Each structure stands twice: as C-alpha cells, then as structure tokens.
Amino acid sequence: MLLLSTLPAGPAWLVAYQHHELALGRGLGILGVWALLNLVASGYQLPRTDRREWLYHFHFMNCLWAFINAILAAVGILRTHPGAPLAGFTAATALADVHSTSQIFLINAGLDVGYLLVGLWLLTHAARPGANRPERLYGYGRSVQLQGGFLLLFDAVMWWFL
C-alpha cells in the first residue's frame, strides 16, 4: 500500500491506469516467483533423477516452462509504466492499453485450456500398450498439466482483476 500512496496525483483516469500497471507488475511478479520455484525445485531434482523414470522428464519439462515463464515475467514487468506516463499519453491510450492487456490474459487462458488438453493427450498416449517411451510421455504430460493448470488460474485471475 505504501507504493500506491506514492503515486503522483493526476486525473482520475491516470491514477486508475497507474493502479492497473502496479497490479499488472505484481501479478507478473507472481509469475516470476512461480518460475523461480519451478527452476529451483525441478532444477535441483533433475540431475538426481534417473533418466529412465517419468520424474526425470517431469522435472526437465518444468525447467523449460520455468525458463519461458521467467522471460515473460521479466519482460512484462519491464514494460509496465506505474509512474509518470510518457509525453502524449492520453486517456484513450490508457484505455486501449488496459483493454489489450485484458485481452491478452483472456486469450492466454484459452491457450492454457489447450495445454491441459495436450497434457491429457500425452497421458493417454503414455498409458497405451506399446507406447514409445511411455515414461517420457507421462512425465511431459504431468508437467504440462501442472503448468497449464497454474497458468489457467493465473491468467483467469489476472483477466478478472485487470
């Protein structure tokens, strides 16, 4: 709350936009923490897990997801503008930015449902008799479901609040 009280006074639309940008930055910070937790936990477990087991592939995929999520969080945080706006910034520009940000989170939520379906597809293929490398399919499927589930929750909450 201290950060919110340090925002410069201005037109109501500008104050609302600055609050939006602060909330966006905080939300992306949560994504960054999720990425860091995945990288630390799965990065630690990966070299300690037998490559022939599904857990190896689970941790490997989690590390990949963590890397991508960390980049998205960092770039997103760097692109927020919670302070003084750039010259020529108008209420219409702020509204368009808020709308496009909202749409991005909504589209991402739809993609996250796709991730959950891909994870389910991988798990069903891993369970088939004669599946090629079922431990890999199962590990990837579990990871895609975990990451897709978190991202669906994250994107839906961000869409709702923003």
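Keep in mind that the numbers below use all heavy atoms, side chains included, and drop hydrogens, waters and symmetry copies. As the structure is a computational prediction, the values presented were derived from the model and not from experiment.
With hydrophobic clusters built from ILVMFWY side chains whose heavy atoms lie under 4.5 angstrom apart, Leu117 does not share a cluster with Leu111. Tracing side-chain contacts under 4.5 Å through hydrophobic residues (I, L, V, M, F, W, Y), one never reaches Leu36 starting from Phe58; they form parts of separate clusters. Residues Leu153 and Phe161 share a single hydrophobic cluster, defined by chaining ILVMFWY side chains whose heavy atoms lie under 4.5 Å apart.
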Give the table of side-chain donor-acceptor pairs shorter than 3.5 Å for residues 94-104, with sequence neighbours excluded, one pair per line with atom names and distance.
unit_1 : atom_1 : unit_2 : atom_2 : d
Asp97  : OD2    : Tyr17  : OH     : 2.4
Ser100 : OG     : Ala96  : O      : 3.3
Ser100 : OG     : Asp97  : O      : 3.0
Thr101 : OG1    : Asp97  : O      : 2.9
Ser102 : OG     : Trp159 : NE1    : 3.3

If you look only at distance, which donor and acceptor atoms sit under 3.5 Å apart when one is on a side chain in residues 37-45 and the other is two or more places apart or in another chain?
unit_1 : atom_1 : unit_2 : atom_2 : d
Asn38  : OD1    : Gln147 : NE2    : 2.8
Asn38  : ND2    : Trp34  : O      : 2.8
Ser42  : OG     : His59  : ND1    : 3.0
Ser42  : OG     : Asn62  : ND2    : 3.2
Tyr44  : OH     : Arg48  : NE     : 3.4

Give the table of side-chain donor-acceptor pairs shorter than 3.5 Å for residues 128-141, with sequence neighbours excluded, one pair per line with atom names and distance.
unit_1 : atom_1 : unit_2 : atom_2 : d
Arg128 : NH1    : His125 : NE2    : 3.3
Arg133 : NE     : Glu135 : OE2    : 3.3

Pairs under 3.5 angstrom only: tabulate donor-acceptor contacts from the side chains of residues 69-82 to other protein residues two or more places apart or in another chain.
unit_1 : atom_1 : unit_2 : atom_2 : d
Asn69  : ND2    : Trp65  : O      : 3.4
Thr80  : OG1    : Ile77  : O      : 2.8
His81  : NE2    : Arg79  : O      : 3.2

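With sequence neighbours excluded, no residue forms a ring pair (Phe, Tyr, Trp, His ring centres under 6.0 Å) with Trp160. Under the rule for a side chain to side chain donor-acceptor pair (under 3.5 Å), Thr124 has no partner lying at least two apart in sequence or in another chain.
Side-chain atoms of Phe150 and Leu146, non-hydrogen and from C-beta on, never get closer than 4.5 Å to each other. Under the 4.5 Å side-chain criterion, counting only non-hydrogen atoms from C-beta, Phe105 is in contact with Leu24. Val144 places none of its side-chain heavy atoms less than 4.5 Å from the side chain of Leu123.
Of all heavy-atom pairs between Leu162 and Ala23, the closest is CD2-CB, 3.9 Å. Shown here for Ala109 and Leu152, the closest heavy-atom pair between the two residues is O-CD1, 3.5 Å. When all heavy atoms are compared, the tightest approach of Asp112 to Leu151 is OD2-O, 2.8 Å. When all heavy atoms of Met158 and Leu28 are compared, the closest pair comes out as CE-N, 4.4 Å.
Note that CG of Leu14 is 9.5 Å distant from NE2 of His19, once rounded to the nearest 0.5 Å. Considering CD1 of Ile68 and CG of Leu31, their distance stands at 11.5 Å, rounded to 0.5 Å.
The number of heavy atoms from other shown groups lying within 6.0 Å of CZ (Phe89) is above 12. Other residues, nucleotides and ligands contribute over 12 non-hydrogen atoms within 6.0 Å of the CZ atom of Phe154.
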